Amino acid sequence: MIILIGNPLTSLAVNDYRFPVTDPKFNATNGDKRSIMALKTLSCRVLPKLFNHGVIASTKPLNARDAAAAAATALLGRSSVRGYYNAGKPRHTGPGGAAHARVVDLRSDTVTKPGPAMRQAMAEAEVGDDVMGEDPTVDELQKIAADMFHMEAALFVPTGTMSNLIAVMVHCRERGDEMIVGDLSHLHIYEQGGSAQLAGVHATTVTTLPNGTFDLEQLESKIRHGYPDPHYPRTRLICVENTHNIQGGRVLPLTFLQEVRALADRYGLSVHMDGARVMNAAVSQGVPPSTILQHTHTVSVCLSKGLGSPVGTMLAGPRDFISQAVRCRKALGGGMRQAGILAAAGKMSLLEMVGRLEVDHRNAKTFAQALLDCDPLLFGVEMAAVETNILRFYLQESSLSPSEFCARMAEVGEGEEAALGQGIQVLMYPHFGNSVRAVWHLGISHEDTQLAIRKMQFVVSQYSKEKLRAQ
């Protein structure tokens with residue numbers, strides 16, 4: 001979140017960090033001179049967009065230095081690797097004033113909304129007090145999940161973050177125990193360090209490879225030995241992520257999972273899968289989810305991403321594990337009462353929404369191929385890595401950053417309505433390593449994908465014209 005404070009502006013805050021305008025972090029003597037000069041040049045272009053976004057609230061005009069600071073704030077916020085979790089939906093309509101522009105939202109598959117059939121199922125759900133074990137719809141959902149995953153039991157949990165935290169708490173039974181996670185895993189990066197903060201569990205990391213896997217020798221080297229030596233934590237758990245979010249929806253090979261499980265068994269460790277999108281992995285590999293999950297002890301499966309539920313995650317594993325998980329869920333505030341209203345949506349997600357994930361995968365590949373076919377070639381895409389609904393691609397022009405490309409895709413540009421017949425706003429986010437992340441989901445049709453391609457081609461055309469004029 002970006003907040004500009006003061007009237008006139010005296011300080012600014014970026015993602016909860018506040019800087020006075022005179023802060024040395026923004027002083028030209030600290031090596032920021034060229035950046036500030038560039039931001040002064042850009043401020044006339046950037047600031048009107050910020051006002052339209054509702055980012056800046058001020059009743060007095062900003063002077064040149066304040067304008068530059070405001071532009072710096074905006075660009076810092078846009079370039080953040082956390083950006084795709086922080087940014088809001090663009091509100092501006094661009095110079096064309098296209099108040100009814102078509103929006104293609106590729107920010108995340110968490111933006112899905114329940115359709116009429118799911119809403120009806122929720123409205124008609126039979127409910128009871130789930131904390132007392134008396135909600136029949138929750139019970140049905142938990143049985144469906146356990147059977148589908150070939151696990152002994154399952155538990156309905158409000159969120160994926162809570163589900164992963166519960167799994168860590170149950171597997172790592174003593175404070176000071178240790179888990180091994182990938183250095184680019186969602187659990188390690190995007191869940192606020194809850195395992196340490198709330199469970200007292202130490203994490204050690206292994207390098208996440210481009211396909212989401214680990215080097216098994218490095219993994220084995222991270223396992224602690226010699227317990228109860230008082231100098232070291234005790235290794236209890238290995239966590240894997242399937243599909244892998246940061247690495248662009250990569251599907252973990254079954255042979256890798258088999259080898260991880262064999263290694264864990266050799267040392268008496270447990271394997272937990274952050275399977276937020278494991279149903280995408282199953283569809284991609286053409287196998288039932290149980291084929292994947294046979295190599296894990298426990299799994300967390302999100303219902304509110306590609307499967308379309310408004311809320312909820314399933315945590316599954318052995319019966320005694322789930323018994324302990326119920327206690328942890330209660331302690332974390334996750335015990336819900338008449339939760340059958342939500343569980344009804346979850347039932348529909350598992351029973352009716354899995355097969356359609358192939359549509360999302362196909363649409364992602366269609367857009368990826370269009371990027372490669374673009375003339376001039378501005379984008380880098382590894383087609384073999386586009387396995388599911390998440391696409392990660394790269395900008396190959398140093399003068400066109402991921403932040404700038406995303407901003408252009410999200411606004412209705414000058415002449416766009418005349419060229420395309422309508423304004424099109426395509427929402428996506430800058431990502432790790434000079435890349436952009438786009439995610440397909442049930443709210444995005446083949447037609448929407450074609451609109452996104454046309455918008456991308458328009459943006460590339462406009463950028464190329466601007467670059468030619470500047471030469």
Side-chain angles (χ1 to χ4, degrees), residues 146 149-155 157 163-188 191 193-209 212-242 244 252-275 278 289-301 314-329 331:
F149 305 154
H150 287 192
M151 298 282 188
E152 290 181 0
L155 182 66
V157 177
S163 183
N164 283 333
L165 177 57
I166 291 171
V168 171
M169 292 173 71
V170 178
H171 284 301
C172 300
R173 297 181 289 276
E174 299 177 17
R175 296 184 65 84
D177 281 347
E178 183 175 73
M179 63 177 180
I180 304 174
V181 298
D183 62 345
L184 295 181
S185 66
H186 193 281
L187 198 156
H188 183 60
E191 298 181 12
S195 297
Q197 182 182 169
L198 301 175
V201 174
H202 181 261
T204 191
T205 62
V206 289
T207 302
T208 304
L209 301 178
T213 65
F214 317 135
D215 177 83
L216 292 175
E217 290 186 2
Q218 185 190 30
L219 176 62
E220 186 171 14
S221 74
K222 296 288 184 171
I223 299 173
R224 309 275 188 172
H225 303 285
Y227 181 84
D229 187 312
H231 296 90
Y232 309 111
R234 181 178 183 177
T235 305
R236 292 277 198 180
L237 178 65
I238 300 171
C239 297
V240 295
E241 183 177 333
N242 194 17
H244 201 284
L252 301 186
L254 294 173
T255 52
F256 168 74
L257 293 174
Q258 185 176 14
E259 291 170 332
V260 169
R261 177 61 183 266
L263 181 66
D265 288 346
R266 192 182 318 145
Y267 290 101
L269 308 179
S270 296
V271 178
H272 172 69
M273 177 178 287
D274 176 359
V278 73
S290 58
T291 300
I292 298 172
L293 300 178
Q294 66 180 317
H295 305 302
T296 70
H297 293 90
T298 58
V299 65
S300 172
V301 181
M314 301 309 301
L315 177 61
R319 190 164 285 106
D320 59 345
F321 170 89
I322 294 299
S323 295
Q324 291 299 311
V326 171
R327 292 183 55 81
C328 293
R329 183 185 68 174

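Computed from a predicted model, the values in this text were never measured in an experiment. Position 1 is the first residue of the sequence; numbering continues from there.
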Do the numbers put R234 on top of the ring of Y227, so that NZ or CZ is under 6.0 Å from the six-membered ring centre and no more than 45° off the axis?
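The answer is yes, since R234 meets both limits relative to Y227.
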
Test V206 against D215 for side-chain contact (heavy atoms from CB on, under 4.5 Å), laying out the working first.
CA-CA 8 Å; V206 289; D215 177 83; over 6 Å; no

Spatial distance of atom [atom1] ([X]) from atom [atom2] ([Y]) [nearest 0.5 Å]:
X    : Y    : atom1 : atom2 : answer
R173 : L237 : CZ    : CG    : 10.5 Å
F321 : T298 : CZ    : OG1   : 4.5 Å
D177 : R236 : CG    : CZ    : 4.5 Å
Q258 : I292 : CD    : CD1   : 13.5 Å
D274 : E241 : CG    : CD    : 5.0 Å
H188 : N164 : NE2   : CG    : 14.0 Å

Check whether any side-chain heavy atom of [X] sits under 4.5 Å from a side-chain heavy atom of [Y], and report yes or no.
X    : Y    : value
V240 : R261 : no
L165 : E191 : no
L252 : V260 : no
L315 : H272 : yes

Passing option when N242 is tested against L293, L257, T296 for side-chain contact (heavy atoms from CB on, under 4.5 Å):
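When L293, L257, T296 are each tested with N242, the side-chain contact (heavy atoms from CB on, under 4.5 Å) holds only for L257.
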
By the definition side-chain contact (heavy atoms from CB on, under 4.5 Å), identify the one residue from R329, Q324, H171, R327 that meets it with I166.
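That would be R329; it is the only one of R329, Q324, H171, R327 passing the side-chain contact (heavy atoms from CB on, under 4.5 Å) with I166.
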
CA sep, side-chain torsions, deciding dist, call: F149, V299, side-chain contact (heavy atoms from CB on, under 4.5 Å):
CA-CA 9 Å; F149 305 154; V299 65; 4.2 Å; yes

Residue pair I322, R319: steps toward the side-chain contact (heavy atoms from CB on, under 4.5 Å) verdict:
CA-CA 5 Å; I322 294 299; R319 190 164 285 106; 5.9 Å; no

Kindly give the heavy-atom pair with the smallest separation between L187 and M179, and that separation in Å.
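What the structure gives for the nearest pair is CD2-CE, 3.4 Å.
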
Using every non-hydrogen atom in the two residues, find where H297 and L269 come nearest and quote the distance to one decimal.
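Result for this residue pair: CE1-O, 3.6 Å.
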
Examine the side chains of D183 and T207 and answer whether a donor and an acceptor come within less than 3.5 Å of each other.
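No.
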
Check the orientation of F256 and F214. Use parallel for under 30°, tilted for 30 to 60°, and perpendicular for over 60°.
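Judged by the thresholds at 30° and 60°, the geometry between F256 and F214 is perpendicular.
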
Check whether any side-chain N or O of S163 sits under 3.5 Å from a backbone N or O of S300 as a donor-acceptor pair, and report yes or no.
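Answer holds: no.
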
Before giving the answer on side-chain contact (heavy atoms from CB on, under 4.5 Å), spell out for H225 and Y232 the whole-Å C-alpha distance, their side-chain angles and the decisive distance to 0.1 Å.
CA-CA 9 Å; H225 303 285; Y232 309 111; over 6 Å; no

Who are the side chain to side chain donor-acceptor pair (under 3.5 Å) partners of H202, not counting sequence neighbours?
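Testing H202 for side chain to side chain donor-acceptor pair (under 3.5 Å), a comparison that skips the adjacent residues, returns E178.
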
